[in-house]
Structure formats: C-alpha cells, structure tokens
J.: 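Handing you a structure now.
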Amino acid sequence: MLDPRFVAAEPDLVKQHLTRRHAGDDAFASVDRIVALTGRRTELVTEQGDLRAERNRLSKEIGGLFKQGKRDEAEAAKAQVQEVNARVGVIEQELALVEGEQRDLAMRLPNLLDDAVPEGASDEDNIEVSRWGTPRTFDFTPEAHVEVGDKLGILDMAKAAELSGARFSLLKGYGARLERALINFFLDLHTGEHGYTELQVPVIVQKHVPFGTGQLPKFSDDMFKLEQPLNGSPAYLIPTAEVPVTNLHRESILEDGEMNRKYVTFTPCFRSEAGSAGKDVRGLMRVHQFHKVELVQITRPEDSEAAHEEMVGQAEKCLQLLGLPYRKMLLCGGDIGFGARKCYDLEVWVPSQDRYREISSISNCGDFQGRRMNTRCRPAQAPGEKKKAKPVFVHTLNGSALAVGRTMLALLENYQQADGSVEIPEVLRPYMGVDVLRPQ
RNA sequence: GGAGGGAUGGCCGAGCGGUUGAAGGCGGCAGAUUCGAAAUCUGUUGUGCGGUGUUCCCGUACCGGGGGUUCGAAUCCCCCUCCCUCCGCCA
C-alpha cells in the first residue's frame with residue numbers, strides 16, 4: 001500500500017504512475033478522494049488530541065479534589081469531562097469512518113513504478129533484456145508435452161479431469177518422480193549454494209495474510225476461498241508461497257543484525273484462473289493446482305535493488321543447469337503486477353508453440369507489502385549517535401525458482417527424441433536414477 | 001469434545017481503579033576504569049499518530065484483539081484469538 005499521507009502530498013506524482021500502469025478511472029478518483037480524507041483526518045486527530053489532554057487534566061484534578069473532600073467541585077468537574085467526552089465520541093466516530101475509507105482506497109492503489117519500468121500497455125511491450133541458450137533445431141516435428149508425457153505413460157490429463165475437471169494434472173511413475181526430482185534439485189541449489197533458509201509453511205491462511213501481500217482486497221476472485229471459516233477467519237488456499245512467507249515477520253521490527261532474510265520454500269499453489277477462460281487450456285501450462293519453489297527476500301530498503309538482480313540470477317541458474325533456453329524480460333507498466341515496482345519474467349523456450357513462455361516472475365515490491373504487513377527493520381545505529389535509528393518498512397521480493405509444472409513441460413518438450421524418449425538433464429540424474437525416459 | 005491456568009516493553013517478570021509508559025532483572029547502547037578486554041560502576045534504552053517545534057521538545061494513544069463500566073482502566077465486566085496443563089478422542 002502507498003502511504004496515504006504520501007498520496008495526499010504528491011497526488012500528481014501518484015497519478016503519473018497510474019498512467020504508466022494504464023490504470024482505470026476509479027484509481028485516479030481514489031487519489032483525489034484520499035487527498036480530501038487525509039486533510040480531514042489531520043483536523044480530527046488534532047482536535048481529538050486536544051480534547052483528550054483536557055480530559056486527562058480534569059480527571060487528575062478530580063482525583064485530587066476527592067482526596068481533599070471537595071465533593072461539589074469534583075462533581076462540577078465530572079460534568080465538564082462528560083461534555084468533553086461527548087465531543088470526543090463524535091470525533092472518534094467520524095475519524096473511524098474517514099480512516100476506514102482512506103485505508104480501503106489506499107489498499108486498492110497499485111505500487112509506484114521503478115524508473116526503469118518501460119512504457120507499454122501489455123506483454124507485447126515488455127523489453128527483452130537478454131537471452132541464454134539456443135532453441136534446438138529438430139529434425140522431426142516436436143510434439144507438445146501432453147503427447148510426450150502420454151506416450152511415456154507419466155502424464156495422464158484424462159484421469160486428472162475425471163477426479164477434478166479441467167486444469168488439473170496427474171503424474172505417474174517417473175512423471176511423479178521427475179516432479180519430486182525438480183523440487184529437490186531446486187531446493188538443494190538454493191539452500192546449498194544461494195544461502196536461503198528452507199521453510200515449510202501452511203497453505204491455508206487467514207484473511208489478513210493475503211491482505212498483507214496485496215491479493216486482497218482487489219483480487220479475491222483469483223483465489224480459492226474455503227467455505228469453512230478457519231479459526232474464526234475467512235480462509236484461502238495460497239496462490240503462491242509468497243503469501244505466507246512474506247508475511248512471516250508481519251507486525252514486527254527486525255534488528256539490523258537480523259537482515260536480510262532469505263527464504264526458499266516449496267508449496268502447492270492454488271489459482272482459480274478466473275478470467276483466463278480459453279487460455280492455455282491444454283496440459284500443464286495453466287492449472288488450478290501446481291507446485292512451485294519460491295524465493296522470498298526481506299531486505300533493508302537500500303539492499304532490495306541488488307537482491308532483485310541476485311534473485312533473477314539464481315532463477316536463471318536453475319534454467320541454465322537444466323540446459324533450457326530462455327530469455328529475460330523486463331515487464332512494462334501495463335503488464336507488471338499490482339504490488340511490484342519492478343519485475344523480470346524469465347520465459348523458457350517451448351518448442352511445440354515455437355515461442356518463449358513465462359516460467360518465472362521475480363518482483364521487487366519495495367516497501368509496498370512491508371507497509372501493509374507492518375514489517376519494519378531498524379537501521380544500524382550510527383557510531384556517535386545517541387538514539388537508536390527509527391524503524392523503516394522493509395522491502396520485499398519474491399520470485400519463482402522455478403515453477404515446477406512448467407519446468408517439467410519445458411523438459412519434456414526440449415529433451416524429446418524422435419523415438420518418443422526423453423533425455424534427463426545431467427543435474428537431475430542423481431534424483432531420477434535413470435538417464436532416459438522411454439515410451440511404454 | 002470436557003476442566004482449569006495464562007497472554008505486560010528486545011527477553012524474563014512485578015503491578016490488579018488515580019503522578020504507572022509501566023518496578024526489578026537480563027540484554028542493547030554510551031561513558032568511567034583498562035595498553036586492550038573481562039569484571040565493576042554511572043547513565044541511557046519502545047512504537048504509532050498529531051503539533052505554526054525540528055539534532056530536541058510538547059500532546060495523545062498503545063500492557064494479545066474487540067466492546068463495555070467509570071470523571072479516570074494494564075488493573076473491573078463481556079466477547080474473540082492464541083498458548084500451556086489435565087481428561088477424552090484420533091493418529
């Protein structure tokens with residue numbers, strides 16, 4: 001969330017960013033409304049403080065008067081306090097309304113954009129930063145992963161549909177094992193070489209958690225909501241591990257010595273895919289339930305830029321070790337996510353579609369989520385400074401490294417042979433126990 | 001599911017209607033001492049909001065969350081959440 005006071009102070013700047021995002025009219029209207037509400041709030045809070053000071057002064061007096069036995073004077077003062085309280089009550093009511101509306105509006109405004117984010121309305125305007133690897137030239141027509149997997153007997157989309165309908169997958173034998181191999185390979189890489197702490201987290205969370213990361217209140221349709229309340233709260237299946245992991249330090253202040261935090265976790269992810277009807281309906285590309293190994297970093301504000309580049313490199317490392325050709329895209333203002341100030345997508349080569357497709361998205365959210373979650377860190381005390389430095393909101397970053405289902409898709413397609421077999425990349429062989437998968 | 005006991009500042013822990021934002025201890029920071037360190041002594045040490053104040057000050061709010069009683073609530077009452085112990089149930 002943006003600081004409402006910042007919105008009130010710099011409405012034109014905020015609107016410039018909304019324009020770059022190609023935001024809707026309602027967002028622009030919200031900015032104007034926040035300016036008005038913030039002004040009113042300041043008036044109310046100031047008056048409330050003065051009145052409370054008056055009440056405290058009188059109450060203290062009353063205590064003294066009673067001790068001195070001056071009952072009449074005490075009663076008079078009581079009446080005076082009651083008048084003050086009546087006025088405080090009115091102010092508090094209005095304040096609650098003003099702050100509630102101000103917060104609701106602010107929660108629906110997207111993050112400001114980094115200067116580096118290019119102009120553009122859709123994914124067609126994203127900028128290609130670099131490419132790695134060369135798409136293989138096939139001396140036969142490469143098949144889509146669904147056919148490849150079917151012939152190997154490791155992927156059964158029909159059975160999945162029988163159980164759960166469209167957009168689900170079912171893996172068998174070496175398919176299930178390949179999924180597990182990828183998960184372990186990614187986790188071992190990030191914990192062993194990239195310095196991340198591995199977590200296992202709940203995948204059902206209470207309402208305040210997706211509020212913290214920004215899925216709520218605006219994108220509730222994208223998540224699966226449980227019918228049964230969870231410990232008294234509405235509950236959701238997580239759409240990404242970003243949601244529980246980024247919220248790990250909500251409502252707390254991290255000392256400088258505890259920074260920066262680097263977490264890696266493997267979770268299932270659940271997405272309703274509302275609004276993507278007809279898109280990528282076949283196979284593993286877009287499903288309601290998939291697995292993902294996710295990197296999350298919680299950093300000092302000054303470190304997030306470097307952390308972002310580091311994370312992209314770590315996700316790229318996964319693709320490089322698997323020998324999958326990819327390109328790195330810098331997302332434009334119209335395509336970037338709600339909470340991100342800057343975002344890279346990695347797109348892997350998909351032979352059957354003859355193009356690159358998203359396999360990882362790595363975002364720097366700046367302090368957008370930190371403010372929503374109230375996660376702060378305290379800068380190191382400068383030598384010679386008497387007082388501790390004021391806490392500041394942390395920066396948060398998240399990125400897939402990688403989405404497991406899409407990685408399997410890419411492997412099956414890029415490593416397929418004319419006879420229908422699929423070669424297993426070197427780095428996965430210890431996890432797989434075989435070098436090649438052959439048709440049954 | 002049943003019966004109890006808890007939740008206080010970075011941590012431990014007092015307070016149970018009025019100079020209590022909160023004793024005491026630990027930890028942290030600064031100073032003294034030391035060649036340096038340890039030990040010791042002294043001081044200091046929360047966060048948010050607001051202020052025609054800006055290396056500091058003033059006001060206000062915050063003792064799990066919400067509501068209530070009262071002139072005044074960490075303290076009394078109600079509801080909720082979480083944690084602990086015992087019993088039951090399940091694995």
Side-chain angles (χ1 to χ4, degrees), chain A residues 1-9 34-35 37-103 106 201-202 204-209 211-212 226 228-235 244 247-259 261 298 367 370-394:
Chain A
M1 150 173 94
L2 305 180
D3 184 351
R5 285 170 301 178
F6 174 80
V7 176
I34 288 172
V35 174
L37 289 168
T38 304
R40 181 61 185 149
R41 178 182 173 278
T42 302
E43 289 173 14
L44 290 169
V45 166
T46 305
E47 191 179 351
Q48 180 189 237
D50 292 347
L51 288 170
R52 281 177 168 167
E54 174 75 359
R55 177 176 71 189
N56 289 345
R57 191 182 61 77
L58 287 169
S59 289
K60 205 169 274 185
E61 238 175 67
I62 291 169
L65 289 171
F66 269 120
K67 275 180 197 154
Q68 295 167 40
K70 298 180 180 169
R71 285 206 150 284
D72 293 350
E73 285 180 47
E75 289 303 330
K78 269 195 192 183
Q80 223 177 323
V81 174
Q82 271 159 352
E83 254 174 63
V84 170
N85 275 341
R87 178 70 192 139
V88 169
V90 171
I91 287 174
E92 280 176 349
Q93 268 188 349
E94 187 183 346
L95 194 58
L97 288 176
V98 167
E99 288 188 331
E101 188 183 350
Q102 186 194 43
R103 188 172 173 80
V201 298
I204 305 175
V205 292
Q206 294 190 343
K207 189 179 156 193
H208 61 273
V209 178
F211 257 99
L226 269 62
Q228 191 79 3
L230 175 68
N231 293 316
S233 161
N247 274 279
L248 203 58
H249 302 290
R250 57 179 302 114
E251 305 294 338
S252 53
I253 300 172
L254 298 166
E255 294 302 326
D256 191 69
E258 305 176 278
M259 303 296 286
R261 316 303 301 239
I298 297 171
D367 65 4
R371 183 173 292 107
R372 292 170 91 99
M373 301 179 302
N374 196 25
T375 303
R376 288 167 293 172
C377 66
R378 192 191 306 281
Q381 197 166 355
E385 278 292 313
K386 275 225 164 124
K387 283 210 144 189
K388 284 182 181 172
K390 273 211 166 261
V392 294
F393 290 115
V394 296

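In the text below, chain A, chain B and the rest are named by the order of the sequence lines, each starting its count at 1. All figures in this text were calculated on a predicted structure; none of them were measured in a lab. Atom set for the values below is all heavy atoms of this structure, side chains included, hydrogens, waters and symmetry mates excluded.
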J.: Check the distance between B:C49's C1' and A:Arg52's CZ and give it to me in whole angstrom.
T.: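 So the CZ-C1' distance, A:Arg52 to B:C49, works out to 10 Å.
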J.: Rounded to the Å, how far apart are A:Lys78 NZ and B:C71 P?
T.: 5 Å
J.: Could you state the CD-P distance from A:Gln206 to B:G64, rounded to the nearest angstrom?
T.: 19 Å
J.: Determine: side-chain N/O of A:Asn56 to OP1/OP2 of B:A61, distance under 4.0 Å, yes or no.
T.: yes
J.: Could you walk me through whether A:Leu44 and A:Gln48 pass the side-chain contact (heavy atoms from CB on, under 4.5 Å) test, one step at a time?
T.: CA-CA 6 Å; A:Leu44 290 169; A:Gln48 180 189 237; over 6 Å; no
J.: Less than 4.5 Å apart, any side-chain heavy atom of A:Arg250 and any of A:His208?
T.: yes
J.: Is A:Arg378 near enough to B:U47 that one of its side-chain N or O atoms lies under 4.0 angstrom from OP1 or OP2?
T.: yes
J.: Report the nucleotide, chosen from B:C82, B:A61, B:G50, that has the shortest atom-to-atom distance to any side-chain atom of A:Arg5.
T.: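 It is B:G50.
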J.: Hey, can you pull the residues of residues 42-49 of chain A with a non-hydrogen atom under 4.0 angstrom from RNA chain B?
T.: A:Thr42, A:Val45, A:Thr46, A:Gly49
J.: Closest nucleotide of RNA chain B for A:Ala79 versus for A:Arg41: which of these residues is on the 5' side?
T.: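 Nearest-nucleotide comparison on RNA chain B picks A:Arg41.
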J.: Where the side chain of A:Thr375 meets the backbone of A:His249, is there a donor-acceptor pair that is under 3.5 Å apart?
T.: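 Side chain of A:Thr375 to backbone of A:His249, a donor-acceptor pair under 3.5 Å: yes, one is there.
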J.: Tell me the closest heavy-atom pair linking A:Leu230 and A:Val205, and the distance in Å.
T.: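 So the minimum-distance heavy-atom pair works out to CD2-C, 4.3 Å.
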J.: Measure across A:Pro244 and A:Val201 and return the closest heavy-atom pair with its distance rounded to 0.1 Å.
T.: CG-CG2, 3.7 Å
J.: Could you tell me how far B:C77 sits from B:U69 if I compare only their P atoms? Round to whole Å.
T.: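 Comparing P positions in B:U69 and B:C77 gives a spacing of 15 Å.
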J.: Looking only at atom P, what distance separates B:C76 and B:U8, rounded to whole Å?
T.: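 Per the computed distance, 16 Å lies between those P atoms.
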J.: Reckon A:Lys390 has a side-chain N or O less than 4.0 Å from the OP1 or OP2 of B:G48?
T.: yes
J.: Check whether any side-chain N or O of A:Arg57 sits under 4.0 Å from OP1 or OP2 of B:G72, and answer yes or no.
T.: no
J.: If I take atom CD1 in residue A:Ile253 and atom P in nucleotide B:U45, what distance separates them, rounded to the nearest angstrom?
T.: 17 Å
J.: Set out, in order, the CA-CA distance, both residues' side-chain angles and the distance that settles side-chain contact (heavy atoms from CB on, under 4.5 Å) for A:Cys377 and A:Ile253, then state yes or no.
T.: CA-CA 5 Å; A:Cys377 66; A:Ile253 300 172; 5.9 Å; no
J.: What interatomic distance, in whole Å, is found between C1' of B:C78 and the corresponding atom of B:C71?
T.: 23 Å
J.: What nucleic acid atoms does A:Ile62 come within less than 4.0 Å of, heavy atoms only: base, sugar-phosphate, or nothing?
T.: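 Answer is base: heavy atoms of A:Ile62 come under 4.0 Å of a base.
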J.: What interatomic distance, in whole Å, is found between C1' of B:G24 and the corresponding atom of B:C80?
T.: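 Here B:C80 and B:G24 have their C1' atoms 33 Å from each other.
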J.: At a heavy-atom distance below 4.0 Å, what parts of residues 80-96 of chain A sit against RNA chain B?
T.: A:Val81, A:Gln82, A:Asn85
J.: List the steps, then state whether side-chain contact (heavy atoms from CB on, under 4.5 Å) holds for A:Arg378 with A:Asp256.
T.: CA-CA 6 Å; A:Arg378 192 191 306 281; A:Asp256 191 69; 5.9 Å; no
J.: Taking all non-hydrogen atoms of both residues into account, name the closest pair between A:Leu51 and A:Val88 and its distance.
T.: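 Reported closest heavy-atom pair: CB-CG2, 3.6 Å.
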J.: Could you give the CD-to-P distance, from A:Glu255 to B:C29, as a whole number of Å?
T.: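 These atoms are roughly 11 Å apart.
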J.: Knowing that exactly one of A:Glu54, A:Glu47, A:Glu94, A:Glu92 qualifies, which makes a salt bridge (Lys or Arg N to Asp or Glu O under 4.0 Å) with A:Arg87?
T.: A:Glu47
J.: Can you check whether A:Arg55 has a side-chain N or O nearer than 4.0 Å to OP1 or OP2 of B:U60?
T.: no
J.: If you count heavy atoms of other groups shown closer than 6.0 angstrom to CD of A:Gln93, is the number above 12?
T.: no
J.: Quick one: is A:Arg376 getting a side-chain N or O under 4.0 Å of the B:G48 phosphate, OP1 or OP2?
T.: yes
J.: Would you measure the distance from the P atom in B:G9 across to the matching atom in B:G65 and give it in whole Å?
T.: 10 Å
J.: What pair of heavy atoms forms the shortest contact from A:Val98 to A:Arg40, and how long is it?
T.: CG2-CG, 4.2 Å
J.: Please check if the side chain of A:Arg5 supplies one atom and the backbone of A:Thr38 the other of a donor-acceptor pair under 3.5 Å.
T.: no
J.: Using whole Å, what does the distance between atom C1' of nucleotide B:A61 and atom CG of A:Asp50 come to?
T.: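 After rounding, the gap between these two atoms is 14 Å.
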J.: From CD of A:Glu54 over to C1' of B:G59, roughly how many Å is that when rounded to an integer?
T.: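 Atom CD in A:Glu54 sits about 13 Å away from atom C1' in B:G59.
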J.: On RNA chain B, compare the nucleotides closest to A:Asn231 and A:Asp3; which residue's is nearer the 5' end?
T.: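 By nearest-heavy-atom nucleotide position, the 5'-most residue is A:Asp3.
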J.: Which stems, defined as runs of 3 or more consecutive Watson-Crick or G-U wobble pairs with both pairing distances under 3.5 Å, involve RNA chain B?
T.: B:1-7 with B:81-87, B:10-12 with B:24-26, B:27-32 with B:40-45, B:46-51 with B:57-62, B:64-68 with B:76-80
J.: Would you check, one step at a time, whether the test salt bridge (charged side-chain N to carboxylate O under 4.0 Å, His left out) holds for A:Arg103 with A:Glu99?
T.: CA-CA 6 Å; A:Arg103 188 172 173 80; A:Glu99 288 188 331; over 6 Å; no
J.: What's the shortest heavy-atom distance between A:Arg376 and A:Phe393, and which atoms?
T.: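 Looking at all heavy atoms of both residues, the closest pair is CG-CD2, 3.6 Å.
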J.: Please measure how far the C1' atom in B:C84 lies from the corresponding atom in B:G28, and state the result in whole Å.
T.: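 About 30 Å, rounded to a whole number of Å.
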J.: Can you figure out which of B:G18, B:U81, B:G48 approaches the side chain of A:Pro391 most closely?
T.: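 Among B:G18, B:U81, B:G48, the one nearest the side chain of A:Pro391 is B:G48.
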J.: Distance check, P atoms only: B:G25 and B:U44, in whole angstrom units.
T.: 13 Å
J.: What's A:Ala77 touching, base or sugar-phosphate or nothing? Going by heavy atoms closer than 4.0 Å.
T.: nothing
J.: Expressed in angstrom and rounded to an integer, what is the separation of A:Glu251 atom CD from B:G48 atom C1'?
T.: 12 Å
J.: Please state the C1' separation for the pair B:G46 and B:C11 - nearest whole angstrom.
T.: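 To the nearest whole Å, 13 Å.
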